Amino acid sequence: RKWAIAGRSEGKLVQVRDQLKTNPPQIVVCDLANKTAVEEMVSSTRVVLNCAGPFSMYNGSALMGACAHLGRHYSDLSGESFWQREMIVENHDVAAGSGAKLVLGGGVDSIPSDIGAFLALEKL
């Protein structure tokens, strides 16, 4: 498969998929509390983009840990700095060994501050 969307609720995933006009993704239902299911899902990918938080509450550590162990790249939208630090401590060495690239806060939560810094620099 080229790409897929995953989550806990098949009904919600179907709603998201049905809004897409071209190249609809495959749906993968996965409970992050189920280690075997997480490892199977991650094993079937090259890259995981995690867009549903809060990551510290919804077992994002299981998903990132599986990526680190299995050598799959990972990025999320987390703005939870306390959780990010925990994930770096837990996963850095494992990811370095497996070749996985883990990018925390690689999206929405970081974009507003990046744009603000860019606009401030333009004014200076």
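All values derive from a computational prediction rather than experimental measurement.
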Minimum side-chain heavy-atom gap [X]-[Y] below 4.5 Å:
| X | Y | value |
| --- | --- | --- |
| Val38 | Cys30 | yes |
| Met64 | Trp83 | yes |
| Leu20 | Pro25 | yes |

So with a 6.0 Å cut-off around [atom1] of [X], is the heavy-atom count from everything else above 12?
| X | atom1 | result |
| --- | --- | --- |
| Arg8 | CZ | no |
| Glu86 | CD | yes |
| Phe118 | CZ | no |
| His69 | NE2 | no |

Between [X] and [Y] (side chain of the first, backbone of the second, donor and acceptor by atom type, cut-off under 3.5 Å), is there such a pair?
| X | Y | result |
| --- | --- | --- |
| Gln84 | Ser78 | yes |
| Ser9 | Lys12 | yes |
| Glu80 | Ser56 | yes |
| Asn59 | Leu32 | yes |
| Trp3 | Asn23 | yes |
| Arg72 | Arg46 | no |
| Asp76 | Gly105 | yes |

Would you give the length of the straight line joining atom [atom1] of [X] to atom [atom2] of [Y], rounded to the nearest 0.5 angstrom?
| X | Y | atom1 | atom2 | result |
| --- | --- | --- | --- | --- |
| Asn50 | Leu104 | CG | CG | 10.0 Å |
| Glu90 | Arg85 | CD | CZ | 11.5 Å |
| Gln26 | Lys2 | CD | NZ | 14.0 Å |

For Cys67 and Val48 the tightest heavy-atom approach is SG-CG2, 3.6 Å
Do you know the tightest heavy-atom contact between Glu39 and Leu70?
O-CD1, 3.7 Å
Joint cluster assignment, [X] & [Y], ILVMFWY side-chain distance < 4.5 Å:
| X | Y | answer |
| --- | --- | --- |
| Tyr58 | Val42 | no |
| Val94 | Leu102 | no |
| Val89 | Leu63 | no |

Quick one: which of Leu49, Val47, Val103 gives a side-chain contact (heavy atoms from CB on, under 4.5 Å) with His73?
Val47
